[in-house]
Undergrad: 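Can you read through this structure? Questions will come right after.
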Amino acid sequence: MTAIGLDLGGTKIEAQIFDADWQVEAKRRVETPKDYAPLLTSITDLVAWADDTAGTKRPIGIGAAGLINPHTGKALTANICANGQTIHTDIARALGRDVTYINDSRALTLSEAVFGAGKAHATVMAVILGTGIGGGIAVDGKLRSGATHTGGEFGHTSLPADLVAQHGLPLVPCGCGAVGCVETYVSGPGMERLALALTGTTMTTHEIAAKGTPDAVRVWLVWLTLAADLLRNLILTTDPDVIVLAGGLSNIASITDDLARTTRDAQIGDFAIPPIVLAQGGDASGARGAAYAAWQNAND
Ligand SMILES: [Zn+2]
């Protein structure tokens, strides 16, 4: 028996049932409600559908945008209407059984570590470069959820002061409440903000990635140094065996080679860096990772 995974995002909730090989057997998707009570109902309805379809009550894993403070039980989330709510315990109460509830970036990390690009490696770090920046760390096929559940919030670490000064970049307030977070220039919207700050013109991430103009090349090279500084810090902190890239920006054609070269340049002395590879799981990663975490919890 495997488990059920729910991918809970800002626009849709998708439930997936996994077969014995952890491939998607059946799935159902609904729009994410804008109010909390209907949100809970949508989740319990999806679980009821999954129980029915699977024919048994399998463990439930939910991978969701945002964080749950393990000390208060309250959610911190900008994308779903559960901010300040004890969503994990509320879902468990509504279902009458426990569920595993983890951050969606952590869910992707576990999926890649067990089934995807990190499969052959012991310590797997995933870095998601999308609308925001997040990730996670898995060791020996298990997620390191940590004491505070904030480990993996890589986007809210600080930008490198030397590069900020060198390029005259303005310090920008971040959605998390801090100023000068990595996310403000290294996420997708951050890359566009970087283009505006460096060149005074508006460019999309597609235009920058195409490198069709000297300005686009310049923005791309500065973005690489900022992103490489993040990876360098993560390597110096955790020294993973592999770094798995995911998220919208990971679709840029040259990204793994360009980032590997720039990160090697930034690394201390002549020390190597771990391989930087692309995630393999695609859209199923979040739900599969959450389901697998639930399955691990049920079988511990
Ligand atoms: Zn921040």
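In this chain, numbering begins with 1 at the start of the sequence shown.
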Undergrad: State plainly whether one hydrophobic cluster holds both Leu129 and Ile276, where clusters connect Ile, Leu, Val, Met, Phe, Trp and Tyr through side-chain heavy atoms under 4.5 angstrom apart.
TA: yes

Undergrad: Leu234 and side chain to side chain contact (heavy atoms under 4.5 Å, CB included): which partner among Ile243, Thr157, Val127, Ile137?
TA: Val127

Undergrad: Does any non-hydrogen side-chain atom of Leu230 lie less than 4.5 Å from one of Phe154?
TA: yes

Undergrad: Which atoms form the tightest heavy-atom contact between Val30 and Ser42, and what is the distance?
TA: CG2-CB, 4.4 Å

Undergrad: Are Val24 and Ile60 grouped together when hydrophobic residues (ILVMFWY) are joined by side-chain heavy atoms under 4.5 angstrom apart?
TA: no

Undergrad: Is a side-chain N or O of Asn83 found less than 3.5 angstrom from the main chain of Ala78, in a donor-acceptor match?
TA: no

Undergrad: Can you give me the closest heavy-atom contact between Ala20 and Thr2, atom names plus distance?
TA: CA-CG2, 3.9 Å

Undergrad: Do Arg106 and Leu67 have side-chain heavy atoms sitting under 4.5 Å apart?
TA: yes

Undergrad: Linking I/L/V/M/F/W/Y whenever their side-chain heavy atoms sit closer than 4.5 Å, directly or via other members, would Ile252 and Ile133 fall into one cluster?
TA: yes

Undergrad: Among Val172, Leu171, Leu198, Val222, which residue satisfies the side chain to side chain contact (heavy atoms under 4.5 Å, CB included) criterion with Tyr185?
TA: Val172

Undergrad: Measure from the side-chain N and O atoms of Asn251 to the backbone N and O of Gly248, and report whether any donor-acceptor pair falls under 3.5 Å.
TA: yes

Undergrad: Could you give me the CA-CA distance, side-chain angles and deciding distance for Leu259 and Leu224, then say whether side chain to side chain contact (heavy atoms under 4.5 Å, CB included) is met?
TA: CA-CA 6 Å; Leu259 254 186; Leu224 279 174; 4.1 Å; yes

Undergrad: Quick one: are Trp223 and Ile208 in side-chain contact, heavy atoms under 4.5 Å?
TA: no

Undergrad: Under the 3.5 angstrom rule, does the side chain of Thr109 hit a backbone N or O of Ser105 as a donor-acceptor pair?
TA: yes

Undergrad: Check whether Tyr292 and Val139 end up in the same hydrophobic cluster, where Ile, Leu, Val, Met, Phe, Trp and Tyr are linked by side-chain heavy atoms less than 4.5 Å apart.
TA: no

Undergrad: Could you give the distance from CG (Leu110) to CD (Gln296), rounded to the nearest 0.5 Å?
TA: 5.0 Å

Undergrad: If you compare all heavy atoms of Thr131 against all heavy atoms of Ser187, which two are closest, and at what distance to 0.1 Å?
TA: O-CB, 3.5 Å

Undergrad: Taking all heavy atoms of Thr32 and all of Gly9, pick out the closest pair and write down the distance.
TA: OG1-O, 2.8 Å

Undergrad: Test your reading of the model: is there a side-chain donor-acceptor pair from Asp52 to the backbone of Ala48, 3.5 Å cut-off?
TA: no

Undergrad: Measuring from atom CG of Asn103 to atom CD1 of Ile62, what distance do you get when rounded to the nearest 0.5 angstrom?
TA: 13.0 Å

Undergrad: Any chance you could lay out the side chain to side chain contact (heavy atoms under 4.5 Å, CB included) test for Ile91 and Ile87, step after step, and finish with the verdict?
TA: CA-CA 6 Å; Ile91 292 169; Ile87 185 167; 3.6 Å; yes

Undergrad: Mark yes or no for whether Thr238, through its side chain, and Pro240, through its backbone, hold a donor-acceptor pair below 3.5 Å.
TA: no

Undergrad: Do Met125 and Asp239 come within less than 4.5 Å of each other through their side chains, counting heavy atoms only?
TA: no

Undergrad: Less than 4.5 Å apart, any side-chain heavy atom of Thr89 and any of Tyr101?
TA: no

Undergrad: So which heavy atom on Lys27 is nearest to which on Trp49, and how close?
TA: C-CH2, 3.4 Å

Undergrad: Taking atom CD1 of Ile102 and atom CG of Asn297, what is their separation to the nearest 0.5 Å?
TA: 8.5 Å

Undergrad: Evaluate the side-chain proximity of Pro59 to Thr100: yes if any heavy-atom separation is below 4.5 Å, no if none is.
TA: no

Undergrad: Taking CG in Asp300 as the centre, count heavy atoms belonging to other residues, nucleotides or ligands within less than 6.0 Å. Is the count above 12?
TA: yes

Undergrad: For Ser285, does its backbone N or O pair with a side-chain atom of Glu112 as donor and acceptor, under 3.5 Å?
TA: no

Undergrad: Show your working on side chain to side chain contact (heavy atoms under 4.5 Å, CB included) between Val124 and Val244 and close with a plain yes or no.
TA: CA-CA 7 Å; Val124 177; Val244 179; 3.9 Å; yes

Undergrad: Examine distances only and state if a side-chain atom of Glu183 and a backbone atom of His156 form a donor-acceptor pair shorter than 3.5 Å.
TA: no

Undergrad: Is there a donor-acceptor pair under 3.5 Å between the side chain of His88 and the backbone N or O of Val99?
TA: yes

Undergrad: When you look at Asp104 and Leu108, which way does the side chain to side chain contact (heavy atoms under 4.5 Å, CB included) test go after all the steps?
TA: CA-CA 6 Å; Asp104 49 5; Leu108 180 144; over 6 Å; no

Undergrad: Please examine the side chains of Pro33 and Ile13, heavy atoms only from C-beta on, and report whether any two atoms are closer than 4.5 Å.
TA: yes

Undergrad: With rounding to the nearest 0.5 Å, note down the distance linking CZ in Arg58 to CH2 in Trp295.
TA: 12.5 Å

Undergrad: Measure the acute angle between the ring planes of Trp22 and Phe115, then classify it against the limits of 30° and 60° as parallel, tilted or perpendicular.
TA: tilted

Undergrad: Are Val164 and Val179 in one and the same hydrophobic cluster, where Ile, Leu, Val, Met, Phe, Trp and Tyr link if side-chain heavy atoms are under 4.5 Å apart?
TA: yes

Undergrad: Starting at CD of Glu192, measure out to OG1 of Thr202 and round the result to the nearest 0.5 Å.
TA: 9.0 Å

Undergrad: How far apart are the closest heavy atoms of Thr77 and Ala65, and which atoms are they?
TA: OG1-O, 3.5 Å

Undergrad: Considering residues, nucleotides and ligands other than Arg144, do more than 12 of their heavy atoms fall under 6.0 Å from its CZ?
TA: no

Undergrad: So does Lys211 have more than 12 non-hydrogen atoms from other groups sitting under 6.0 Å from NZ?
TA: yes

Undergrad: Nearest 0.5 Å, please: how far is CG in Leu226 from CG in Leu194?
TA: 6.0 Å

Undergrad: For the pair Glu25 (side chain) and Ile17 (backbone), establish whether a donor and an acceptor sit closer than 3.5 Å, ignoring hydrogens and angles.
TA: no

Undergrad: Quick one: does Thr44's side chain have a donor or acceptor within less than 3.5 Å of a partner on Thr41's backbone?
TA: yes

Undergrad: With heavy-atom distances below 4.5 Å as the criterion, would you say the side chains of Lys12 and Asp7 are in contact?
TA: yes

